[in-house]
Amino acid sequence: MLNSIQRFSWQKIISALLSFLLAIFLLLLIATPTALASLNDDRFDGNIFALYAGNGSLVPARVTLNESLKSSKPALLVFFLDDSKDCKQFSTVVSQLQAFYGRAASFIPVNVDAIITPVTDDSTKSAYYYEGFVPQTVLIDQEGKVVLNAKGQVAFEKVDDAFREVFDLLPRSESVELKRRIVNEINIELSN
């Protein structure tokens, strides 16, 4: 008789404990916010190139502007902020450009929060080209001449045309159409 009472008590205790744990789990599940990353706001979500362009290899930049100029390699400077809606949306364009020109040109994303020196007279420093806007895209050719300096979200085709000029490639109308590789759901919208 005592055994059945003890067994009944343990069953009640275990049942109550499992019910309690289930209730806590459900409460935590309901109270936990969903992912807060959003392409259409100015909140900081992390590295925009990794999150929105599917390309974490862009940041940090592999070379400096000075190193690129010394090796006579064109450089694409992209001034950005991780907490800018426009920069988040433009990051996919930068990633697509790198897919086509990344081996022949230096891609140098510059987080403007990291620019600590005032505007300088040294054209081998990225800060020299920054004009106070994000995103800002500057393409510098092999001789150090600015070929493109555009503010805001620039169309892939506009930067592609500038790269074609730098590399002396055929105009888009006379060459094989470039196909964009779809990286994530953001690229699907851009490719349509």
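Every value quoted in this text rests on a predicted model; they were computed, and no experiment measured them. All residue numbers in this chain count up from 1 along the given sequence.
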What distance separates [X] [atom1] from [Y] [atom2], expressed to the nearest 0.5 Å?
X      : Y      : atom1 : atom2 : result
Ser126 : Ile115 : OG    : CD1   : 7.5 Å
Glu67  : Lys73  : CD    : NZ    : 11.0 Å
Lys125 : Leu69  : NZ    : CG    : 11.5 Å
Tyr52  : Leu39  : OH    : CG    : 6.5 Å
Ser68  : Ile140 : OG    : CD1   : 8.0 Å

Residue pair [X] / [Y]: nearest heavy atoms and the distance that separates them:
X      : Y      : value
Lys158 : Ala150 : NZ-CB, 4.5 Å
Leu65  : Ala75  : CD1-CB, 3.7 Å
Pro109 : Phe49  : CB-CE1, 3.9 Å

Validation row: [X], [Y] side chains within 4.5 angstrom (heavy atoms):
X      : Y      : result
Phe167 : Pro74  : yes
Tyr101 : Val166 : no
Gln98  : Ser57  : yes

>> Tell me whether Glu157 is salt-bridged to Arg172, with the criterion being a basic N under 4.0 Å from an acidic carboxylate O.
In response: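 So Glu157 does not pair with Arg172 through a salt bridge.
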> Under a 4.0 Å N-O cut-off, is there an ion pair linking Asp42 with Lys88?
Replying inline: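 The answer is no: the pair does not qualify as a salt bridge.
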>> List the residues meeting side chain to side chain contact (heavy atoms under 4.5 Å, CB included) with Glu165, not counting sequence neighbours, and say none if there are none.
In response: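 With sequence neighbours excluded, Glu165 shows a side chain to side chain contact (heavy atoms under 4.5 Å, CB included) to Val147, given in chain and number order.
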>> Check for me, please, whether Leu148 and Leu169 land in the same ILVMFWY cluster - side-chain distances under 4.5 Å, paths through other members count.
In response: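 Both belong to a single hydrophobic cluster.
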>> Test of understanding: clusters of I, L, V, M, F, W, Y form through side-chain heavy atoms closer than 4.5 Å, transitively. Do Phe44 and Val112 belong to the same one?
In response: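 Looking at the clustering, Val112 is in a separate group from Phe44.
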>> Between Leu139 and Val146, does the side-chain contact (heavy atoms from CB on, under 4.5 Å) criterion hold? Intermediate values first, please.
In response: CA-CA 6 Å; Leu139 179 59; Val146 175; over 6 Å; no
> Going through the checks in order, is the side-chain contact (heavy atoms from CB on, under 4.5 Å) test met by Gln136 and Val138?
Replying inline: CA-CA 7 Å; Gln136 179 187 349; Val138 180; 3.6 Å; yes
> For Val93 and Val154, what are the C-alpha separation, side-chain angles and deciding distance, and is it a side-chain contact (heavy atoms from CB on, under 4.5 Å)?
Replying inline: CA-CA 8 Å; Val93 173; Val154 185; over 6 Å; no
> Do Thr64 and Asn66 get their side chains close enough for a donor-acceptor pair, meaning under 3.5 Å?
Replying inline: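 No donor-acceptor contact under 3.5 Å links the two side chains.
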> Does Phe90 have any ring-ring contact (aromatic ring centres under 6.0 Å, His included) partners at least two apart in sequence or in another chain, and if so, which?
Replying inline: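 In terms of ring-ring contact (aromatic ring centres under 6.0 Å, His included), with neighbours along the sequence ignored, Phe90 is linked to no residue.
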> Hey, does the side chain of Ser95 reach the backbone of Ser91 with a donor-acceptor pair shorter than 3.5 angstrom?
Replying inline: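 Not a single qualifying donor-acceptor pair exists.
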Acceptor/donor pairs from residues 76-87 side chains to any protein atom, 3.5 angstrom cut, sequence neighbours excluded:
| residue | atom | partner | partner atom | Å |
| --- | --- | --- | --- | --- |
| Asp82 | OD1 | Ile48 | N | 3.3 |
| Ser84 | OG | Asp86 | N | 3.4 |
| Ser84 | OG | Cys87 | N | 3.3 |
| Asp86 | OD1 | Gln153 | NE2 | 3.2 |

>> Please evaluate residues Val63 and Phe107 with respect to the criterion side-chain contact (heavy atoms from CB on, under 4.5 Å), reporting the C-alpha separation (whole Å), side-chain torsions for both, the decisive distance (0.1 Å), and the verdict.
In response: CA-CA 8 Å; Val63 297; Phe107 278 69; over 6 Å; no
